[in-house]
Amino acid sequence: MRETLLAIFIGLFATPLLGGLINGLDRIITARLQGRIGPPVWQPFYDVIKLLSKEKMVVNVWQAFCAYAYLSAAAISVVLFFLKSDLLLILFIQAVGAVFVVIGALSSTSPFSQVGAHRELLQILSYEPLLILVVAGIYLEIGSFKIDDIYAWGQPLIFKLPFLFIALGYALTIKLRKSPFDLSTSHHGHQEIVKGVLTDYSGPFLALIEIGHWYDIILILGLCSLFWATGWIGMIILVAITYFIEILIDNVTARMTWRWMIGYVWAMGLTLSIVNLIWINLA
Amino acid sequence: MAELSFLLVVFPMLAACSCFLMRHNTIYSLIVIISGGLLIGSAILLIPLVPFSFSPKSFLGINIHEILTAADFLLLFIILYFGVKYKNWLINSLAIFQIVLLGYLEFFLINGSETYPIIYCDNLSLIMVLIICVVGSIICVQALPYMKKHETHLKIGVSRQPHFFFVMILFLGAMNGVVLSNDMILFYFFFELTTVCSFLLIGHDKTERATKNAVRALWMNSLGGAAFITALVFIYTRLGTLDMQYIIHADSKSQLVILSMALLCFAAFTKSAQFPFQSWLLGAMIAPTPVSALLHSSTMVKVGVYLALRLAPAIEGLFLTQCVTIFGAFTFLFAAALAVGQSNGKKVLAYSTISNLGLIFACVGLNTPESIAAAIILIIFHAVSKALLFLCVGTIEQHIESRNIEDMRGLYTKMPLTALISVMGVITMIMPPFGLLLGKWMAMEAASSFLCGIVMIAMGSALTVMYWARWAGILMSDPFAGKFKLEKQPVLTWAALFSLCIGVGVLSLLSPWIYRWCIIPIMGSDYLASYSTDYGIFENAFGVFAVLPLSLVAVAGFIIAILAVKSATHSRITMPYLSGLQTEEPRVFKGPMNRLITAEAGNYYLSSIFGEDKLTPWINLGAVILLTLVIGGAL
């Protein structure tokens, strides 16, 4: 019981702090790679606090609903992750949040929101099958979808599921909104569709979405960490390296079109996944 | 038992006839409402009686078997009559083929000394009866105000509603007959009766296109009927009985029996409008919307998956079962892809039905305890959610006179409550903790060890999210927030929409108990039920889905979000961002030279990839190859 409460507490309160911190570090490293100094590491928190204190403004009242629904779904999925629940269920709940962001954006009539929402859907379309196949691969290897069974497994999964880890990398890049897949909205303010899917969210509601995004980041990084679930050190090193590669990719690639994204992610990601699934099926 | 079965099967037929004879508006409306109530009542009274089986010996003093034989032939001659009337040689030849085979079976093979029960009702039949009676009756009741408007709109002089309700209620009786039959000949009779009913309903409006689509539905389903009767001849030749329960558990590895199983699967595919037979269900949209609602949710297409589910233990371990999985997963994926390319709301619903039925077939084919449970859960929740969505679209269509999704943009301004209920319907299709997602979760966990299946199901599931989310979003696309003026609808329409909407929520909440009380007994000795459902949490050796806790959290989240909406109504409402000088009009901005420019946005339908004309030929080709695999693999 105490463990459960602790897991819920960590999932609810520690996760956004960690997510914001990672975001802050990301901004510093990105700045250094571009020859800038970058903001202080706490900048994401300053941003969110400022947004929270702003006046509430909405285009459509249901945007408020969608912002809250996104935040709840993201938080629930992370809590379930810390409760070591079912991976597939966690993915489904994470998808609920993603869908509500889209519905909220579609509820505004601004073309920027609308186009951003549709691009977001295409992004979901690109990464969702990969995530499911990653989970299916883990099941094939250890015979369970439950996270506690993964922690109980004797050896790191990455040795048996290397290609699926790369496929997960594609999903991670899309989820982190990094180039070349930052189609629906971007961290950088120079996008052709303004802020895309987030254009008409503002003030406190935008802050909620930002916090939800921190939960999301932790969830996907958590998924990565499962590939080295045998020890803390290996886990942290694997996640750190993966994230650093994400930052590098973000800095050396340009934004591409959705056609390219779907074609590339499905062709490469699915091929890698299927090859890896056949490998464990036969081995 | 006998009385209840009579009420469920024969009574609707009598009620249907009285609808037809008493052509006064009030009288047949009353008959429809009363028979709906009676059907729901008898279905509920059936619950404590299952499982049971019996054989009525005679009806009004005539041997039941003789009545059945006569009715079978009569039905086939009716089909032949329609074939001749519409000069369709395919229907004619299929009808004659069936008459010949039925004659051979009845007069040369069957010796008449069978003692097996004709009616058999277990939990699977019970679930089907409940779906048919409850959802079907709700649809029939909603059809009353709908048809009134429909005929006013079409300016029909002499009302054809008595004919319409005659077939609708007859349909419910026929469906109850299908799921209660144990005698395969009786099953075949009701199977054909649903074909004829759907033919009559699709062609109801008597326009040229309606007739054409109805005739197509008739020949495609006759193909299924022909496969069915062929399978019966093969089975009788080898096993010497048409007792369904015996056939399922005969465990015969005889080639002829396996082939007839494949033929029965083929019949199920035609009924459930799987590729390449999807065109009859798409063509059925020409009919008034309650017909589509009935065909898609509780009747007709559910016959196919019901039949496959019944046969599942018989095909376990065969190559055939894998073929069914591949075929189902293929349909799931590509029907979802076609739905993405559609802007016609009813077509999106139709493809989504085909896609979901494909998933159910895939589950049946996987043939594990989890996947069978998934199939049953999917059948239940698909019926309710799809009926809800069809009734919503029908109501919307009568209001805005379009079924195009683009025309439903910002429907929230015009009909807020209907729009919200539609969004709710969409949410029940794609989000946990609602039943369809529970079924999909079970299906995916069961399919994970079947490589080909999981890849197609994973892709199809992502496509599914895309076409639903897009639709739900633009229903709410509204620049004037905060206004909420309730639209006017007939009481019966609201009653139908609300009961389905609440029903799907309550059923989802109860799903662990539905599983424990209804689904575990169905699996019986054939499968080892694997989920435990303590505290409303589904758990087995490799997965866990906390239905009840998640539902409670979801309800809490919903309340918080609704409170947020309420408080947001008092906040400042701004204009959507248009990257120009804003005007009073939310969609218009001042561009260069002070010109007023209207900003517009449309959905991505990606028709260059997912267009019907692009994909359909290839999909049909692929489906024909897979069907050949299903039949050929059984040889």
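Numbers restart at 1 for each chain; the letters A, B, ... are given by sequence-line order, proteins then strands.
- With values rounded to the nearest 0.5 angstrom, B:I562 atom CD1 is found 4.0 Å from A:W62 atom CH2.
- Counting heavy-atom pairs closer than 4.5 Å to chain A, the top residue among B:S567, B:G557, B:P432 is B:P432.
- Once rounded to the nearest 0.5 Å, the distance linking CD of B:E445 with OG of A:S144 reads 8.0 Å.
- With a 4.5 Å cut-off on non-hydrogen atoms, B:I427 touches chain A through its side chain but not through its backbone.
- Between chain A and the options B:L606, B:L451, B:L475, the largest number of non-hydrogen pairs under 4.5 Å is found for B:L451.
- Heavy atoms of B:L550 lying under 4.5 Å from chain A belong exclusively to its side chain.
- Side-chain contact between B:V553 and A:V79: absent, with no pair of heavy atoms (C-beta onward) separated by less than 4.5 Å.
- The local environment of CD in B:E600 is sparse, with at most 12 non-hydrogen atoms from other residues, nucleotides or ligands closer than 6.0 Å.
- Interatomic distance, NZ of B:K440 versus CG of A:L88, reported as 11.0 Å (0.5 Å rounding).
- For chain A, no part of B:A554 is nearby; none of its heavy atoms comes within less than 4.5 Å.
- Interface remark: B:N603 contributes backbone and side-chain atoms alike to the contact with chain A (heavy atom separation under 4.5 Å).
- B:I537 does not touch chain A: none of its heavy atoms, backbone or side chain, sits under 4.5 Å away.
- Looking at A:I76, only its side chain comes within 4.5 Å of chain B, counting heavy atoms on both sides.
- Counting heavy-atom pairs closer than 4.5 Å to chain B, the top residue among A:L89, A:I103, A:I93 is A:L89.
- Across all their heavy atoms, B:A469 and A:L106 have their closest contact at O-CD1, 4.0 Å.
- The distance from atom CG of B:L463 to atom CG of A:L121, rounded to the nearest 0.5 Å, is 11.0 Å.
- Contact annotation for A:I132: only side-chain heavy atoms (C-beta onward) come within less than 4.5 Å of a heavy atom of chain B.
- When heavy atoms are compared at a cutoff of 4.5 Å, B:I609 approaches chain A solely by way of its side chain, counted from C-beta outward.
- A:T109 approaches B:S477 most closely through the heavy-atom pair CG2-OG, 3.8 Å.
- Looking at heavy atoms from C-beta onward, B:V455 lies in side-chain contact with A:L133 at the 4.5 angstrom threshold.
- At least one side-chain heavy atom of B:V544 sits under 4.5 Å from a side-chain heavy atom of A:S85.
- Closest approach of A:K146 and B:N540 over heavy atoms only: NZ-O, 2.9 Å.
- In this structure, chain A has a heavy atom under 4.5 Å from the side chain of B:S608, while its backbone stays farther away.
- Proximity of B:Y604 to A:V115: side-chain heavy atoms (C-beta onward) are separated by under 4.5 Å at one or more points.
- Across A:L122, A:V102, A:I124, A:D149, the residue that shares the most heavy-atom pairs under 4.5 angstrom with chain B is A:L122.
- With respect to chain A, the highest number of heavy-atom pairs below 4.5 Å among B:V340, B:I430, B:I454 belongs to B:I454.
- With a 4.5 angstrom heavy-atom cutoff, B:T574 touches chain A via backbone and side-chain atoms both.
- Comparing B:W441, B:F558, B:F542, B:W468 by heavy-atom pairs within less than 4.5 Å of chain A, the highest count is held by B:F542.
- Between B:V465 and A:E128 the shortest side-chain heavy-atom distance does not fall below 4.5 Å.
- The stretch residues 272-282 of chain A places A:I274, A:L277, A:I278, A:N281 near chain B, each with some heavy atom under 4.5 Å from a heavy atom of that chain.
- One distance of note links CE of B:M459 with CG of A:L130; it measures 9.5 Å at 0.5 Å rounding.
- With respect to chain B, the highest number of heavy-atom pairs below 4.5 Å among A:P111, A:G104, A:G137, A:A136 belongs to A:P111.
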Criterion side chain to side chain contact (heavy atoms under 4.5 Å, CB included) on A:V58 and B:I573, from CA distance to verdict:
CA-CA 5 Å; A:V58 286; B:I573 308 289; 3.8 Å; yes
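- Note on residues 446-467 of chain B: no pairs pass ring-ring contact (aromatic ring centres under 6.0 Å, His included), not counting sequence neighbours.
- Contacts with chain A were tallied for B:M466, B:H570, B:K566; B:M466 has the most, counting heavy-atom pairs under 4.5 Å.
- If you measure heavy-atom distances from B:E539 to chain A, the contacts under 4.5 Å come from the side chain alone.
- Using a 4.5 Å cut-off on side-chain heavy atoms (C-beta onward), B:S448 and A:F145 make contact.
- Only the backbone of B:A541 comes within less than 4.5 Å of a heavy atom in chain A; its side chain stays farther off.
- The aromatic rings of A:F112 and B:Y577 sit tilted relative to each other, their planes meeting at an angle between 30° and 60°.
- Contact count against chain B (heavy-atom pairs under 4.5 Å) is highest for A:L125 among A:L91, A:T199, A:L125, A:V99.
- Only the side chain of A:L80 comes within contact range of chain B, judged by heavy atoms closer than 4.5 Å.
- For B:Y605, the OH atom sits in a packed shell: over 12 heavy atoms of surrounding residues, nucleotides or ligands are nearer than 6.0 Å.
- Within the 4.5 Å cutoff, no side-chain heavy atoms of B:I560 are placed close to those of A:S72.
- Contact tally against chain A (heavy-atom pairs below 4.5 Å) for B:A462, B:A601, B:A546: the top residue is B:A462.
- A 4.5 Å side-chain heavy-atom check between A:Y139 and B:M444 finds every atom pair outside the cut-off.
- No more than 12 heavy atoms of other residues, nucleotides or ligands shown are found within 6.0 angstrom of CZ on A:F9.
- Ranked by heavy-atom pairs under 4.5 Å with chain B, the list A:H118, A:K56, A:Q114 is led by A:H118.
- Of the two parts of A:L270, only the side chain, counted from C-beta on, holds a non-hydrogen atom closer than 4.5 Å to a non-hydrogen atom of chain B.
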